Amino acid sequence: MSANATVHEMLAVEGGQPVRETLLPYGRQAIDEDDIQAVVKTLRSDWLTTGPKVEEFEEAFATWVGAKHAISFSSGTAALHGAAFAAGLGPGDEAITSPLTFAATANCVLYQGATPVFADVSPDTLTLDPEQVAFGINSRTRPIFPVDYAGHPCDLDPLLQLAERHGVVVIEDACHALGAEYGGRRIGSLSHMTVFSFHPVKHITTGEGGMVTTDNAEFAKTLRCFRNHGISSDARHRQSASQWHYEMVLLGFNYRLPDIACALGLQQLKKLEANLARRREIAARYTAAFGEIPAILCPAVRAEVNPAWHLYPIRLDLSKLRANRGEIFRALRGENIGVNVHYIPVHLHPYYRDRFGYKGGEFPVAEDAYERLISLPMFHAMRDRDVEDVVRGVTKVVEYFTK
């Protein structure tokens with residue numbers, strides 16, 4: 001231990017007093033009595049699934065993001081799969097995406113029998129680098145899947161221009177970015193299709209759930225059919241028309257989001273503006289606290305963007321520390337600060353290594369970021385005291401290990 005380190009408070013992992021008595025998670029849902037009553041009302045109704053709440057939620061969501069169509073799915077992953085199908089992705093095709101994402105983004109390409117092709121990320125935002133995408137496009141490329149990492153939108157203008165030149169579709173993975181803005185417009189109204197998630201750690205939740213927004217009527221029609229076994233009508237519409245006949249017109253899945261979940265989503269949507277505002281307050285507090293600590297690189301925000309702050313991922317400057325990321329991570333957990341890491345690059349997972357032969361080193365920006373990333377707690381139900389605990393815990397640990 002250096003002489004400088006001895007002046008700092010002892011870490012909890014070394015026998016000191018932790019900053020908090022209980023663990024603060026990196027993310028969690030916020031459910032109130034209004035949410036509960038909305039679900040109870042639907043439980044007492046005639047429809048638990050494929051009923052009126054589905055359309056209500058979809059219409060409200062489309063209006064909020066500024067899209068013509070919104071199609072709900074049972075999860076963000078199911079929504080990604082539906083979008084891949086609607087884009088016509090199939091065997092022999094390729095799709096370009098980021099390695100710095102949850103595996104579902106690339107997995108949905110495999111579900112369609114196609115090949116995911118990764119392109120490296122930009123060093124500042126860790127979102128897909130349009131120049132790297134351009135290198136990867138060829139005659140087999142069908143869609144591009146940019147990922148709005150941590151809630152910061154991708155560099156969409158050059159990606160959309162690139163897609164137009166090559167006749168490919170942009171399917172934006174905005175599972176982190178509900179409420180984010182790019183060039184003054186809300187995410188969900190810009191790409192050919194945009195995918196959202198309603199997992200409990202997201203900006204609003206339906207328990208599990210997802211949504212695809214699009215202005216393309218044909219995409220919307222295919223998505224609705226795909227999520228309902230490939231059947232061209234649903235039970236409520238058949239009942240209202242007093243007829244029984246239905247036809248399966250494509251091979252689909254049961255990816256429907258039930259009315260119970262949509263009732264929760266509708267109620268949660270009313271709180272989205274407040275949830276976003278709170279996340280932005282927390283992000284501003286973190287940036288103010290950590291921006292002057294030399295061993296911490298705070299998330300970048302580009303001028304044309306207003307992020308949604310699903311995550312607040314810091315990067316450590318390991319050259320300034322006497323510890324690696326793993327040791328810092330364990331020390332923060334010891335302080336009961338529930339940090340996480342987002343993400344192990346997809347190509348480094350054993351399945352992708354074994355199937356495609358990745359060895360590491362293929363995408364240096366994403367891989368270097370992974371070695372230094374730590375996601376701090378970020379959720380809209382955090383109290384001011386929770387935020388201050390994170391500030392104190394991170395400062396305590398990083399300063400302890402600073403050379």
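None of these values were measured; they are calculated from a predicted model. All residue numbers in this chain count up from 1 along the given sequence.
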J.: Under 4.5 Å between any side-chain heavy atoms of Arg186 and Trp64, yes or no?
T.: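 They are in contact (side-chain heavy atoms under 4.5 Å apart), so the answer is yes.
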J.: Phe356 versus Thr115: any side-chain heavy-atom pair under 4.5 Å?
T.: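 Phe356 vs Thr115: side chains touch.
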J.: Do we see a donor-acceptor contact under 3.5 Å between the side chains of Asp317 and Ser319?
T.: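 On atom types as modelled, these side chains qualify, holding a pair under 3.5 Å.
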J.: So if I apply the side-chain contact (heavy atoms from CB on, under 4.5 Å) rule between Tyr149 and each of Ser122, Ser98, Cys154, Pro313, which one comes out positive?
T.: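 Answer to the side-chain contact (heavy atoms from CB on, under 4.5 Å) test with Tyr149 among Ser122, Ser98, Cys154, Pro313: Pro313.
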J.: Could you tell me whether Phe196 and Phe61 have their ring centroids closer than 6.0 angstrom?
T.: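 Yes, the ring centres sit under 6.0 Å apart.
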J.: Below 30° counts as parallel, above 60° as perpendicular, anything between as tilted: where do the rings of His310 and His342 land?
T.: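 Rings of His310 and His342: perpendicular, as their planes differ by over 60°.
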J.: Identify the residue among Leu159, Thr127, Asp129 that makes a side-chain contact (heavy atoms from CB on, under 4.5 Å) with Pro146.
T.: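 When Leu159, Thr127, Asp129 are each tested with Pro146, the side-chain contact (heavy atoms from CB on, under 4.5 Å) holds only for Leu159.
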J.: Under 4.5 Å between any side-chain heavy atoms of Leu160 and His192, yes or no?
T.: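 Sidechains of His192 and Leu160: in contact.
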J.: Does some side-chain heavy atom of Phe145 sit less than 4.5 Å from a side-chain heavy atom of Pro116?
T.: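 Counting from C-beta outward, Pro116 and Phe145 never come under 4.5 Å.
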J.: With sequence neighbours excluded, what pairs up with Phe85 under the ring pair (Phe, Tyr, Trp, His ring centres under 6.0 Å) test?
T.: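 So Phe85 forms a ring pair (Phe, Tyr, Trp, His ring centres under 6.0 Å) with Phe226.
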J.: Would you please indicate if the ring centroids of Tyr111 and His81 are separated by under 6.0 Å?
T.: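 When the ring centroids of Tyr111 and His81 are compared, they turn out to be within the sub-6.0 Å range.
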J.: Side chains of Leu156 and Glu172: closer than 4.5 Å at any heavy-atom pair?
T.: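 Yes - at least one pair of side-chain heavy atoms lies under 4.5 Å apart.
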J.: Heavy-atom distance under 4.5 Å between the side chains of Asp259 and Phe57, does that happen here?
T.: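 A side-chain contact under 4.5 Å is absent here.
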J.: Give a yes or no on whether Glu164 atom CD has more than 12 heavy-atom contacts from other residues, nucleotides or ligands under 6.0 Å away.
T.: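 Not more than 12 within 6.0 Å, no.
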J.: Grab the two heavy atoms, one from Arg325 and one from Val341, that are nearest each other, plus how far apart they are.
T.: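 Smallest interatomic distance, heavy atoms only, reads NH1-CG1, 3.6 Å.
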